[in-house]
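Here is the structure we will look at.
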Amino acid sequence: KKMNFTDTVTLIMGCTSAFSVMVCVIVVTMVTLLGLCKHFMYRLATYQVVGALLMNVATGLAFLRYAGLSPKGSTACHVNAFVTVYFTWIKLLLTLGMTVHVFSYVVCRKSLAYLEWFYVAFSVLVPLLFSWVPFLTHTYNIADPNLGCFIDTSRNGIIERYSIYYGPLFLLMILDMVTITGMAIYVKRRSLTHTSSVMSSSLNNPYEAHRQGLLYFSPLLAYPMLFFVIILVSCLVNLLRVLGVQTSNWLELTAVVLLASAGWIAGAI
């Protein structure tokens, strides 16, 4: 049987997700074996990799759909849709929390390492408060031919998509980007006055201070910036669908590949 576009997208999502999960597992294993987890900043980066791993476990469940094991209305499809929403929210809150930690260290000159347990618990538990709602309204189902198991396109489903997923996801990532931009402006200004919060007092060259500051926190800030791009494309495709605008196959394929690539991109950083 010749594969149609939906089968092709599903297979690409599944294979790319499997590769991403493998990369994440390798990275987390290496960080653990090398003992890097004793450093707070490395742990923050590891949380980002773990969050991306969870996201791609959810997108990797597309293999079930490709194999015909998660038809419309099935328990497998409901679980697939739930973990997609739940794991994406975990990744989002881990990303926001990391930005708060870096902001506190860079701008306020205060480490929030003592709140690490709260940061992790908050990211894992809070999404449970609303990710179960579609179970009550029976809107976890096949969403559309190319999106697979997600919140469906019924009236309640559309409301829930934008109230518990796309809406807050996009707004919180915009807030995150604004915070990152503010940090970059702050570091530049402080470095030019020889008082960058991350430089040594022996550094008198403002350009060197600026460079050292950026080198210190820019690798961590790459995580939210790349996650923002992934979420932005996904939100755009979904919004166009809701508005009845026909999207090209290439745009939908791009959104799928970006979502499935979150893991290996995080691992590469």
Got [X] and [Y] here, is their nearest side-chain heavy-atom distance under 4.5 Å?
X: Val257; Y: Ile12; answer: yes
X: Trp89; Y: Leu172; answer: yes
X: Arg43; Y: Phe40; answer: yes
X: Thr95; Y: Lys91; answer: yes
X: Ser234; Y: Leu258; answer: no
X: Tyr86; Y: Val124; answer: yes
X: Val49; Y: Leu53; answer: no
X: Tyr166; Y: Ile231; answer: no

I'd like to know whether Thr99 forms a side chain to side chain donor-acceptor pair (under 3.5 Å) with Asp176, so could you lay out the CA-CA distance, the side-chain angles of the two residues, the decisive distance to 0.1 Å, and finally the verdict. CA-CA 7 Å; Thr99 302; Asp176 202 57; 2.7 Å; yes
Verify side chain to side chain donor-acceptor pair (under 3.5 Å) between Asn156 and Ser154, making sure each step is shown before the conclusion. CA-CA 5 Å; Asn156 287 336; Ser154 64; 5.6 Å; no
Looking only at non-hydrogen atoms, find the nearest pair between [X] and [Y] and report the distance.
X: Val85; Y: Ser131; result: CG1-CB, 4.1 Å
X: Leu92; Y: Phe227; result: CA-CE2, 3.8 Å
X: Thr139; Y: Gly157; result: CG2-N, 3.7 Å
X: Leu259; Y: Met55; result: CD2-CE, 4.0 Å
X: Ser261; Y: Thr16; result: OG-CG2, 3.5 Å
X: Met13; Y: Ala260; result: O-CB, 3.7 Å

Please determine whether residues [X] and [Y] belong to a single hydrophobic cluster, defined as Ile, Leu, Val, Met, Phe, Trp and Tyr linked transitively by side-chain heavy-atom distances below 4.5 Å.
X: Leu136; Y: Ile159; value: no
X: Val233; Y: Met225; value: yes
X: Leu33; Y: Val23; value: no
X: Ile151; Y: Leu171; value: no
X: Val31; Y: Leu34; value: yes

Aromatic contact between Phe118 and Phe122, with the criterion being ring centroids under 6.0 Å apart: yes or no? yes
Distance, nearest 0.5 Å, that separates [atom1] of [X] from [atom2] of [Y]:
X: Tyr140; Y: Trp132; atom1: OH; atom2: CH2; result: 10.5 Å
X: Leu169; Y: Ile164; atom1: CG; atom2: CD1; result: 11.0 Å
X: Ile174; Y: Phe228; atom1: CD1; atom2: CZ; result: 4.0 Å
X: Asp152; Y: His138; atom1: CG; atom2: NE2; result: 11.0 Å
X: Leu93; Y: Leu125; atom1: CG; atom2: CG; result: 10.5 Å
X: Ser20; Y: Ile265; atom1: OG; atom2: CD1; result: 7.5 Å

Transitive ILVMFWY cluster of Tyr114 at side-chain heavy atoms under 4.5 Å: who else is in it? Val100, Leu112, Leu115
Intermediate values then yes/no, side chain to side chain donor-acceptor pair (under 3.5 Å), Glu116 and Tyr47: CA-CA 11 Å; Glu116 182 178 357; Tyr47 294 143; 2.3 Å; yes
If you count every heavy atom of other residues, nucleotides or ligands that lies below 6.0 Å from Tyr42 atom OH, does the total exceed 12? no
More than 12 heavy atoms of other groups within 6.0 Å of Phe87 CZ: yes
Could you go step by step and tell me if Leu44 and Tyr119 meet the side-chain contact (heavy atoms from CB on, under 4.5 Å) rule? CA-CA 10 Å; Leu44 288 179; Tyr119 159 61; 3.8 Å; yes
Test log, rule side-chain contact (heavy atoms from CB on, under 4.5 Å), inputs Trp264 and Met22: CA-CA 8 Å; Trp264 73 258; Met22 180 181 67; over 6 Å; no
Please evaluate residues Tyr223 and Leu94 with respect to the criterion side-chain contact (heavy atoms from CB on, under 4.5 Å), reporting the C-alpha separation (whole Å), side-chain torsions for both, the decisive distance (0.1 Å), and the verdict. CA-CA 10 Å; Tyr223 291 108; Leu94 286 173; over 6 Å; no
